[in-house]
Amino acid sequence: METSSPLLVGNGRLITRDDRQPLIEDGCVAIQDGLIVAVGTTAELQQSHPDARFIDAHGWLIMPGLINTHMHLYSTFARGMALKDDAPENFAHILERLWWRLDKVLTLEDVYLSAMVAMIDCIRNGTTTIFDHHSSPGAVAGSLFRIGEAAHQTGLRSCLCYEVTDREGAEVASLGIDENRAFLKHCKQSEDSLLRGLFGLHASFTVSDRTMARSTQVAAELDAGFHIHVAEAASDVAQCQREHGMRVVHRLHDLGVLGNRTIAAHCVHVDSSEIDRLQASRTNVVHNPESNMGNAVGCAPVLDMLRRGVRVGLGSDGYTCDMFESLKVANMLHKHQSGQPSAGWAEPPAMLFSENSVIASACFGRSVGELIPGALADVIVVAYDPPTPMRVTNIDSHILFGVSGRSVDTTIIGGQIVMRNRKLLGIDEQEIMAKARVAAARLWQRF
């Protein structure tokens with residue numbers, strides 16, 4: 001196999017997310033063949049890699065790329081769109097009057113362009129890995145492969161799934177199962193380092209026992225975990241108790257959905273017994289603070305979950321592509337919810353930088369989200385010159401109060417420079433946005 005020339009990213013404050021060496025002043029990271037091969041001072045690595053290309057961080061931050069563990073790329077064309085019904089008064093209305101109308105009229109070209117726009121935005125905001133949850137009931141077959149095409153064009157590391165649901169009938173549910181099966185098989189047969197798959201399910205209240213059984217059988221055959229919305233609104237819990245005589249987490253456990261490779265998004269309305277079940281099954285919960293606030297569904301008890309040993313990552317639910325923004329909102333939400341100004345200080349950074357890293361590393365088979373030798377080379381340079389001393393003990397404070405996605409200057413994924421000086425490489429952003437506007441206007445007419 002041909003070996004690529006090394007790349008150094010140095011002359012910056014290197015935040016490794018490695019507890020053994022979390023911060024290196026005038027730090028540098030060496031990249032080769034898509035992996036981190038060394039970290040150290042700029043002088044050390046330039047001496048040991050004299051022929052390497054060099055990216056000068058100008059004293060700014062050098063960090064691992066960010067990870068979003070629950071995303072909806074297909075929501076892109078909702079931006080600026082007017083609803084055709086009365087304003088929603090509850091979560092069911094939001095689904096029925098917005099998302100379930102929008103996803104139904106998506107074409108495969110819309111799916112591709114939605115993904116391209118959002119992936120460009122992710123890269124511009126320093127997000128290098130996403131776990132996307134897709135739905136397009138009018139264009140199911142091939143939809144994950146169109147998103148995969150966008151991932152390759154942009155270079156964004158992506159774990160994809162199609163949400164199986166019975167809300168459009170048995171035929172569409174079967175198409176969703178088939179799309180998950182086809183994409184999961186493709187990922188297993190391919191040596192593609194950018195793409196992985198999970199088996200998508202919408203939520204307990206839209207998936208029957210029969211469809212759940214078919215889905216779990218296919219997932220077991222392909223040795224795949226699930227990605228599903230769990231107890232996002234109180235109505236999901238009420239329906240589950242009414243129709244199945246139990247709460248949502250317990251139903252999913254009984255049906256074989258939970259486990260250490262499954263993502264349970266939201267978990268807003270879970271009780272103590274369900275938290276115990278999530279912990280015992282080692283299921284990955286993903287907190288989506290902006291979406292939960294925007295949809296007025298409540299505040300997930302994630303601080304309690306973390307104290308009790310549940311792995312909780314941080315996602316955006318498509319609300320934003322800027323995970324720095326999600327970090328800030330998570331910090332404020334739990335202070336507001338608890339009435340304690342000291343609450344939510346340590347937990348949101350742990351979700352974004354530590355828990356998301358564990359979830360992504362398990363999925364992609366190598367370390368993601370930390371700058372250590374052997375890790376996937378997903379690196380960002382953030383234009384932040386700290387006005388006060390930066391130390392190991394206050395890194396997260398500097399990030400919380402000093403950094404936003406628009407501070408990201410350079411994004412590297414798998415050793416490939418995909419953005420430099422805030423300009424994406426190999427992508428005509430203006431052309432993509434122009435095509436997206438035309439497609440969105442047509443979709444708005446069909447909506």
Side-chain angles (χ1 to χ4, degrees), residues 65-68 71-82 98-99 102-136 138-162 183 192-195 316-325 378 380-381 404-447:
L66 303 182
I67 300 162
N68 183 345
M71 180 62 173
H72 288 295
L73 296 167
Y74 77 85
S75 66
T76 300
F77 286 174
R79 190 181 304 178
M81 183 178 69
L98 173 56
W99 300 119
L102 181 146
D103 68 16
K104 188 185 282 192
V105 296
L106 289 166
T107 66
L108 285 179
E109 185 65 9
D110 295 330
V111 169
Y112 164 75
L113 287 170
S114 294
M116 285 294 293
V117 170
M119 287 178 173
I120 287 169
D121 207 12
C122 286
I123 289 167
R124 292 179 71 82
N125 286 282
T127 295
T128 55
T129 299
I130 62 166
F131 286 69
D132 189 63
H133 197 277
H134 178 65
S135 176
S136 54
V140 181
S143 58
L144 296 184
F145 292 89
R146 290 310 308 271
I147 298 172
E149 182 183 337
H152 276 289
Q153 285 191 253
T154 58
L156 189 71
R157 197 177 304 284
S158 306
C159 178
L160 309 179
C161 74
Y162 187 90
F183 187 74
D192 193 336
S193 64
L194 280 182
L195 289 180
S316 74
D317 200 30
Y319 209 91
T320 183
C321 294
D322 183 352
M323 292 306 294
F324 292 111
E325 180 183 300
D378 298 353
I380 58 176
V381 176
S404 74
R406 297 194 182 278
S407 307
V408 177
D409 173 83
T410 299
T411 302
I412 298 167
I413 305 175
Q416 299 298 311
I417 304 168
V418 296
M419 185 177 76
R420 185 80 178 102
N421 300 321
R422 290 203 60 74
K423 180 175 176 56
L424 270 77
L425 307 182
I427 298 287
D428 188 333
E429 296 179 63
Q430 289 186 328
E431 180 184 13
I432 293 296
M433 298 307 165
K435 288 181 177 179
R437 284 191 293 273
V438 172
R442 292 172 179 163
L443 180 141
W444 289 4
Q445 291 179 334
R446 300 192 303 272
F447 174 77

Problem set entry | Summary of side-chain hydrogen bond (donor to acceptor under 3.5 Å, both in side chains) pairs that have at least one residue in residues 116-125, sequence neighbours excluded | D121-N125, R124-E429
For this session: Compare all side-chain heavy atoms of L73 with those of I130 and state whether any distance is below 4.5 angstrom.
Result: yes
Problem set entry | Side-chain donor/acceptor of S143 to backbone N/O of V140, under 3.5 Å | yes
Exercise. Do any N or O atoms from the side chain of T411 and from the backbone of I123 form a donor-acceptor pair under 3.5 angstrom?
Worked result: yes
Seminar exercise, completed: Between the CD1 atom in I120 and the CD atom in Q153, the distance rounded to the nearest 0.5 Å is 9.0 Å
Problem set entry | A436 to V117 - nearest heavy-atom pair and separation | CB-CG2, 3.7 Å
Exercise. Taking C-beta and beyond as the side chain, do N421 and D409 meet within less than 4.5 Å on heavy atoms?
Worked result: yes
For this session: State which residues pass side chain to side chain contact (heavy atoms under 4.5 Å, CB included) with A439; sequence neighbours excluded, sorted by chain then number.
Result: F77, D110, L113
For this session: Could you tell me which non-hydrogen atom of A151 sits nearest to which non-hydrogen atom of L194, and how far apart they are?
Result: O-CD1, 4.1 Å
Exercise. For G318 and S75, which heavy atoms make the closest approach, and how far apart are they?
Worked result: O-OG, 3.7 Å
Exercise. What pair of heavy atoms forms the shortest contact from L98 to A78, and how long is it?
Worked result: CD1-CB, 4.4 Å
Exercise. Is there a donor-acceptor pair under 3.5 Å between the side chain of Y74 and the backbone N or O of W99?
Worked result: no
Exercise. Can you check whether V105's main-chain N or O pairs, donor with acceptor, with R446's side chain at less than 3.5 Å?
Worked result: yes
Problem set entry | Distance (rounded to the nearest 0.5 Å) between D322 CG and N68 CG | 10.5 Å
Problem set entry | T127 OG1 to I413 CD1 distance, which is reported to the nearest 0.5 Å | 9.0 Å
Exercise. Would a 4.5 Å heavy-atom cut-off, applied to side chains only, mark F447 and L102 as touching?
Worked result: yes
For this session: Specify the closest pair of heavy atoms between M323 and S316, including all atoms of both residues, with the distance to one decimal.
Result: SD-CB, 4.2 Å
Problem set entry | Chi angles and distances behind the side chain to side chain contact (heavy atoms under 4.5 Å, CB included) call for L195, H152 | CA-CA 9 Å; L195 289 180; H152 276 289; 3.9 Å; yes
For this session: Spell out, as yes or no, whether a donor-acceptor pair under 3.5 Å connects the side chain of S158 to the backbone of L160.
Result: no
Problem set entry | Donor-acceptor pair, side chain of H133 and main chain of H72, under 3.5 angstrom | no
Seminar exercise, completed: CE (M116) and CD1 (I432) are apart, to the nearest 0.5 Å, by 4.0 Å
Problem set entry | Distance (rounded to the nearest 0.5 Å) between S136 OG and L106 CG | 6.0 Å
Exercise. For M71 and A118, which heavy atoms make the closest approach, and how far apart are they?
Worked result: CE-CB, 4.3 Å
For this session: Return yes when atom CZ of R406 has more than 12 non-hydrogen atoms of other residues, nucleotides or ligands closer than 6.0 Å, and no otherwise.
Result: no
For this session: Find out whether Q430 and M433 are in side-chain contact, i.e. whether some heavy atom of one side chain is under 4.5 Å from a heavy atom of the other.
Result: no
For this session: State, yes or no, whether a side-chain contact exists between S404 and E325 at a heavy-atom distance under 4.5 Å.
Result: no
Seminar exercise, completed: Value for CE (M119) from CG (D132), rounded to nearest 0.5 Å, stands at 7.0 Å
